[in-house]
Each structure stands twice: as structure tokens, then as C-alpha cells.
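Structure, as C-alpha cells:
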Amino acid sequence: MVDDMICRYCKDTVTRLITSINGVSRVNVNVPERTVNVTYDSRITDAHVIRMTLLEAGYKNIKEPVNAF
């Protein structure tokens with residue numbers, strides 16, 4: 001859950017940030033529920049890299065679990 005993701009701009013920004021990570025194949029952002037589901041190749045990246053990317057972009061209120069498939 002990303003508590004400070006509240007608008008269409010946030011959805012576009014989070015989608016762009018995560019899809020830029022090598023190994024990520026799909027991102028689904030649900031603004032009303034403030035959730036992000038990610039499909040990625042675990043041989044290339046992991047949930048920690050995704051979480052750190054969001055933290056570095058200023059999304060500070062990321063709560064577990066980080067959903068990644």
C-alpha cells in the first residue's frame with residue numbers, strides 16, 4: 001500500500017517509475033485502494049528494488065506487503 005498515492009498523476013508517475021526497472025513486465029496501480037501490483041522476473045530484480053525506487057521518488061508511506069508477482 002502506498003498511502004500518499006492519491007491522484008491520476010501519482011498513478012502515471014508510479015507506473016512510469018516501476019516500468020523503468022529492468023525485469024518488470026507489468027504494473028497495475030489502483031489509486032482508490034492505493035495499491036500497486038507488479039509482475040517481474042525475480043532473476044533480474046526484486047521487491048526491495050521496487051520499494052526503494054518508490055521511496056527515492058518521494059513516496060514515503062509504503063506499507064507492507066509490497067505486492068509483487
Side-chain angles (χ1 to χ4, degrees):
M1 180 176 283
V2 184
D3 277 346
D4 47 358
M5 183 177 63
I6 58 172
C7 67
R8 172 79 180 173
Y9 176 76
C10 293
K11 178 179 180 175
D12 294 343
T13 301
V14 167
T15 299
R16 182 180 44 79
L17 286 167
I18 296 175
T19 57
S20 71
I21 299 169
N22 192 23
V24 170
S25 59
R26 188 173 65 190
V27 178
N28 181 12
V29 177
N30 184 315
V31 174
E33 292 182 14
R34 297 182 179 167
T35 59
V36 180
N37 292 303
V38 180
T39 303
Y40 64 88
D41 184 335
S42 62
R43 296 171 296 174
I44 299 171
T45 194
D46 59 29
H48 177 75
V49 170
I50 295 165
R51 187 170 194 270
M52 292 308 297
T53 299
L54 292 173
L55 286 170
E56 289 172 5
Y59 292 94
K60 301 292 184 203
N61 295 316
I62 300 171
K63 296 181 181 176
E64 297 298 332
V66 173
N67 295 327
F69 305 96

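Bear in mind that the values here come from a model prediction, so they are computed numbers and not experimental data.
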Can you name the residues that form a side chain to side chain contact (heavy atoms under 4.5 Å, CB included) with D46, not counting sequence neighbours? H48, V49

Show your working on side-chain contact (heavy atoms from CB on, under 4.5 Å) between N37 and N30 and close with a plain yes or no. CA-CA 8 Å; N37 292 303; N30 184 315; over 6 Å; no

Under the rule for side chain to side chain contact (heavy atoms under 4.5 Å, CB included), what residues qualify as partners of T19, not counting sequence neighbours? T15, V27

Using the test side chain to side chain donor-acceptor pair (under 3.5 Å), find all partners of R43 that sit at least two apart in sequence or belong to another chain. D41

Nearest atoms (heavy-atom pairs only) where V29 meets K11: O-CE, 3.6 Å

Inter-residue atom distance I18.CD1 - T13.OG1, 0.5 Å rounding: 11.0 Å

Would you name the heavy atoms of Y40 and V24 that are closest together and state the gap between them? CB-CA, 3.9 Å

Using the rule that Ile, Leu, Val, Met, Phe, Trp and Tyr join whenever any side-chain heavy atoms are under 4.5 Å apart, tell me whether I21 and I44 fall into a single cluster. no

With the threshold set at 4.0 Å, does a side-chain nitrogen-carboxylate oxygen contact exist between D12 and R8? yes

Which value, rounded to the nearest 0.5 Å, describes the distance between Y59 atom OH and L17 atom CG? 7.0 Å

